[in-house]
Asks: 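Here it is, the structure in full.
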Amino acid sequence: MINKINALLKEVENLKAANAEELEALRIKYLSKKGEISLLMNDFRNIAADQKREVGQHLNKLKEATQNKINELKANFENVQTADDDIDLTRTAYPIELGTRHPLSLVKKEICDIFGRLGFSIAEGPEIEDDWHVFSSLNFAEDHPARDMQDTFFIQHNPDVLLRTHTSSVQTRVMENQEPPIRIICPGRVYRNEAISYRAHCFFHQVEALYVDKNVSFADLKQALLFFAKEMFSADTKIRLRPSYFPFTEPSAEMDISCNICGGKGCPFCKGTGWVEILGCGMVDPNVLENCGIDSKVYSGYALGMGIERITNLKYQVKDLRMFSENDVRFLRQFESAN
């Protein structure tokens, strides 16, 4: 019987399995209740008493060697990595394309960088505002059309809670909580109840600037505007200021720049005038300063505001405002080189 055990031991030492199914078949053949080793255990009962010790040692050695061999083959299968094991199923499908910043983000950053070089810091505020910061503190009359439902989105029919219609509300919050000198720029999204078309949307983006200090004059405003226009468009850009009206500035003006498409000669884009309007501005009304706790006899200031979509239209000749919010990848890919 010992010879039979030794022969089986040599057979076990040379076991091989190409896959898990073959390994399981080997385990059943040698270690199951009806396997080769179990049959030898059954024959062990018929061994003479004086041989049981020696034969038993050989059987235990065979059983242990078989179990070790099966475990070794099993470990080899577990350690082998297939090509599929290297695939991260959570990754984006190939090919991975590089993204690009939105054109509005590109222009907003450029505007902020330009005013940053003039010493302006960025200030932000909530998009859901109250009547005081959006209208009353900014010298809007109680019956001003901007308060009407046709211009403003009110929250839950509450006339005191609304979506801000301009980022001037950020300016009033800063003036209430900070003593002059104040030199801030306020970028952000604003909302107005308007019909959506190629030239208007119910939400858009603004950048407003505010400078409050002693002896601030309209000349300071004009120089800041001229610097911005030349930096944003080209060194040849010219500006002109036309008298206008805003409740929160006095005097007020609208600023035009020489058309950057025709160079001021006249084209369909500028309607043959050679000029394109880009922003509104003016000296901060003394009532606004007083409403925010600033002594208008000591301090003065200027404010200006522009639509980021408007500047982006001029810079990249985008003719339809709706393209900015539709997320058409074909449109966005045009700005990859601008990042």
Side-chain angles (χ1 to χ4, degrees), residues 99-116 120-138 140 144-156 158-177 184-210 228 232 246-249 277-281 303-316 318-329 331-332 335 338-339:
T100 176
R101 289 185 179 180
H102 195 280
L104 295 180
S105 298
L106 292 171
V107 172
K108 181 182 77 170
K109 182 179 184 301
E110 188 172 358
I111 294 173
C112 292
D113 289 345
I114 293 171
F115 280 96
F120 287 77
S121 59
I122 295 177
E124 297 180 336
E127 295 184 7
I128 299 178
E129 267 289 7
D130 54 52
D131 178 89
W132 169 256
H133 290 98
V134 176
F135 295 127
S136 298
S137 64
L138 292 168
F140 281 82
H144 195 281
R147 297 173 182 265
D148 194 273
M149 279 290 291
Q150 293 185 7
D151 289 319
T152 305
F153 288 109
F154 292 95
I155 306 298
Q156 297 179 346
N158 187 340
D160 192 51
V161 182
L162 50 101
L163 296 179
R164 65 183 182 189
T165 59
H166 48 198
T167 54
S168 301
S169 58
V170 181
Q171 298 178 14
T172 59
R173 286 185 174 274
V174 172
M175 286 191 286
E176 286 176 340
N177 296 284
I184 58 170
I185 185 169
C186 312
R189 179 180 292 183
V190 298
Y191 305 84
R192 294 182 187 174
N193 191 5
E194 297 183 3
I196 298 175
S197 67
Y198 76 95
R199 56 180 298 176
H201 211 292
C202 61
F203 69 86
F204 53 98
H205 302 79
Q206 281 188 338
V207 174
E208 299 194 23
L210 172 71
F228 166 74
M232 189 71 198
F246 302 109
F248 36 85
T249 54
E277 177 193 341
I278 67 167
L279 59 82
C281 59
L304 61 96
M306 68 192 83
I308 299 179
E309 281 85 349
R310 179 65 169 167
I311 304 299
T312 308
N313 279 347
L314 292 171
K315 194 170 182 64
Y316 297 116
V318 179
K319 298 180 180 180
D320 192 333
L321 284 177
R322 292 170 292 191
M323 298 180 72
F324 291 130
S325 57
E326 290 178 347
N327 295 322
D328 190 325
V329 176
F331 169 70
L332 298 176
F335 301 92
N339 282 294

Asks: Where do Val170 and Arg164 land on the side-chain contact (heavy atoms from CB on, under 4.5 Å) test, with the steps shown first?
Replies: CA-CA 10 Å; Val170 181; Arg164 65 183 182 189; 3.7 Å; yes

Asks: Answer yes or no: is there a donor N or O on one side and an acceptor on the other, between the side chain of Asp130 and the main chain of His133, under 3.5 Å?
Replies: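 Yes.
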
Asks: To the nearest 0.5 Å, how far apart are CD in Gln171 and CG in Leu210?
Replies: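 Answer for the CD-CG pair, Gln171 versus Leu210, is 4.5 Å.
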
Asks: Any sub-3.5 Å donor-acceptor pair from Arg173's side-chain atoms to Pro126's backbone N or O?
Replies: no

Asks: With a sphere of 6.0 Å drawn around CD of Glu176, does it hold more than 12 non-hydrogen atoms of other residues, nucleotides or ligands?
Replies: yes

Asks: Any chance you could measure Phe204, atom CZ, to Ser325, atom OG, to the nearest 0.5 Å?
Replies: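 Nearest 0.5 Å value for the CZ-OG distance: 13.0 Å.
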
Asks: For the residue pair Phe246 and Phe248, does the interplanar ring angle fall in the parallel (under 30°), tilted (30 to 60°) or perpendicular (over 60°) class?
Replies: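 Correct class here is parallel.
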
Asks: Can you tell which of Glu208, His205, Glu124 makes a side chain to side chain donor-acceptor pair (under 3.5 Å) with Thr167?
Replies: Glu208

Asks: Counting distance only, does the side-chain N/O of Arg192 pair as donor-acceptor with the main-chain N or O of Thr165 below 3.5 Å?
Replies: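 Yes; at least one donor-acceptor contact below 3.5 Å.
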
Asks: Distance check, rounded to the nearest 0.5 Å: Asp160 atom CG versus Ser136 atom OG?
Replies: 8.0 Å

Asks: Run the side-chain hydrogen bond (donor to acceptor under 3.5 Å, both in side chains) test against Glu127 and tell me which residues pass, sequence neighbours left out.
Replies: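 Listed in chain order: Tyr191.
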
Asks: Show the nearest heavy-atom pair for residues Val134 and Phe140, with the distance to one decimal.
Replies: O-CE1, 3.9 Å

Asks: Does the side-chain contact (heavy atoms from CB on, under 4.5 Å) test come out yes or no for Ile111 and Met306, once each step is laid out?
Replies: CA-CA 10 Å; Ile111 294 173; Met306 68 192 83; 4.0 Å; yes

Asks: Pro103 and Leu332: which non-hydrogen atoms are nearest, and at how many Å?
Replies: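 Smallest interatomic distance, heavy atoms only, reads CD-CD2, 3.9 Å.
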
Asks: What are the two closest non-hydrogen atoms of Asn193 and Thr152, and how far apart are they?
Replies: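 The pair with the smallest heavy-atom distance is CB-N, 4.1 Å.
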
Asks: Which is it for Asn313 and Val318 under the side-chain contact (heavy atoms from CB on, under 4.5 Å) test, yes or no, and what are the steps along the way?
Replies: CA-CA 5 Å; Asn313 279 347; Val318 179; 3.5 Å; yes

Asks: Between Leu138 and Ser169, what is the shortest heavy-atom contact and its length?
Replies: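 That would be CD1-N, 4.4 Å.
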
Asks: So, Ser137 side chain and Trp132 main chain: donor-acceptor pair closer than 3.5 Å or not?
Replies: yes

Asks: Does CD1 in Ile155 sit with more than 12 non-hydrogen atoms of other residues, nucleotides or ligands closer than 6.0 Å?
Replies: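 Count over threshold, so yes.
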
Asks: For the pair Lys315 (side chain) and Met232 (backbone), establish whether a donor and an acceptor sit closer than 3.5 Å, ignoring hydrogens and angles.
Replies: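 Checking the backbone N and O of Met232 against the side chain of Lys315, a donor-acceptor pair under 3.5 Å is found.
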
Asks: How long is the span from the OG1 atom in Thr172 to the CG atom in Asn177, to the nearest 0.5 Å?
Replies: 9.5 Å

Asks: Give me the ring orientation class for Phe135 and His166: parallel if the planes are under 30° apart, tilted from 30 to 60°, perpendicular past 60°.
Replies: tilted

Asks: For Pro187 versus Val207, what's the shortest heavy-atom pair and its separation?
Replies: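 Taking Pro187 first and Val207 second, the nearest heavy atoms are CB-CG2, 3.9 Å.
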
Asks: What do the steps show when you test Phe228 against Leu304 for side-chain contact (heavy atoms from CB on, under 4.5 Å), and what is the final call?
Replies: CA-CA 12 Å; Phe228 166 74; Leu304 61 96; over 6 Å; no

Asks: Holding to side-chain contact (heavy atoms from CB on, under 4.5 Å), I want the full list of residues that pass it with Ser121, two or more places apart in sequence or in another chain.
Replies: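 Applying side-chain contact (heavy atoms from CB on, under 4.5 Å) to Ser121 gives Ile184.
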
Asks: Between OG1 of Thr312 and CG of Leu104, what distance do you get to the nearest 0.5 Å?
Replies: 4.5 Å

Asks: Mind checking the CD-CD spacing from Glu309 to Gln206? Nearest 0.5 Å is all I need.
Replies: 9.0 Å

Asks: Parallel, tilted or perpendicular: which describes the rings of His102 and Phe324, with under 30° parallel and over 60° perpendicular?
Replies: tilted

